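Note that the structure is a prediction, hence the values are computed from the model and not measured. No hydrogens, no waters, no symmetry mates; every other heavy atom, side chains included, goes into these values.
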Amino acid sequence: MRVWLIRHGLTALGEAGKYQGRLDDGLSERGRAQLKSAAWTPTRVWVSPARRARETAAILFPAAEQIIVPNLREMDFGAFEGRSWREMENDAAYRAWVDGGCAGRCPGGEDRASFTARVNLALREILDAAEKAGEDAVIVAHGGTQMAALERRGEPERDYWRWQTACGRGWLLERCGDTLRVVEEIAFTL
């Protein structure tokens, strides 16, 4: 079975280089203008509950049913949300988090291990449901969601950060048991 793992389009917070996490920022005008409808339409698309993911799915696959999956949401960056690294470069809590490889718990947020476990639980449920229905899985979520899923399941094996893609891009994958083998990087942008 094939798996389409797509990052949402550009947002105003993203354009400003700010952490979004659970902030429910919709697509920016530029983000909407950059996206293009897919040349095919799946029956359903699994999406993060974030407005930016739902708006992206509606542009890419306007006729598809959206199934909202809470555990696909982006990492909770807690006190860092809505702020850029430049705004926090002298913030001791932010510096400690970055110096720890961005793996520890964000103040008021979550740590990367918990985030990765949450995402991979949701991914397993989605893949099993799609496979049982005899269809491909189309998922529209976040850059962090992609990285958390593929660091654990992706093939070829890569570091967490090497799975990052730009907004409106993602991965076409082939499911092989618990592994997701890369077929190609994909883009839904003009």
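- Seen from the ring of Y19, R83 does not count as a face-on cation partner, given the 6.0 Å and 45° thresholds.
- Remark: R118 engages E110 in a salt bridge, criterion side-chain N to carboxylate O under 4.0 Å.
- A salt bridge does not link E174 with R2: none of the charged nitrogens is closer than 4.0 Å to a carboxylate oxygen.
- A donor and an acceptor atom, one from each side chain of E185 and T165, are nowhere located under 3.5 Å apart.
- Between W40 and W4, the angle of the ring planes lies from 30° to 60°, which puts this pair in the tilted group.
- Partners of F80 by ring-ring contact (aromatic ring centres under 6.0 Å, His included), not counting sequence neighbours, listed by chain and number: Y94, W97.
- Of the charged side-chain nitrogens involved, at least one lies within less than 4.0 Å of a carboxylate oxygen, so that E87 and K18 count as a salt-bridged pair.
- Between E151 and R162 no salt bridge is recorded (no basic side-chain N to carboxylate O distance below 4.0 Å).
- For A12, the side-chain contact (heavy atoms from CB on, under 4.5 Å) test picks out D25, with sequence neighbours left out.
- For D136 (side chain) and M1 (main-chain N/O), no donor-acceptor pair under 3.5 Å exists by modelled atom type.
- The salt bridge (Lys or Arg N to Asp or Glu O under 4.0 Å) contacts involving residues 48-66 comprise R32-E55, R51-E55, where partners must be two or more places apart or lie in separate chains.
- Cluster membership for I139 and F188, using ILVMFWY side-chain heavy atoms within less than 4.5 angstrom, is not shared.
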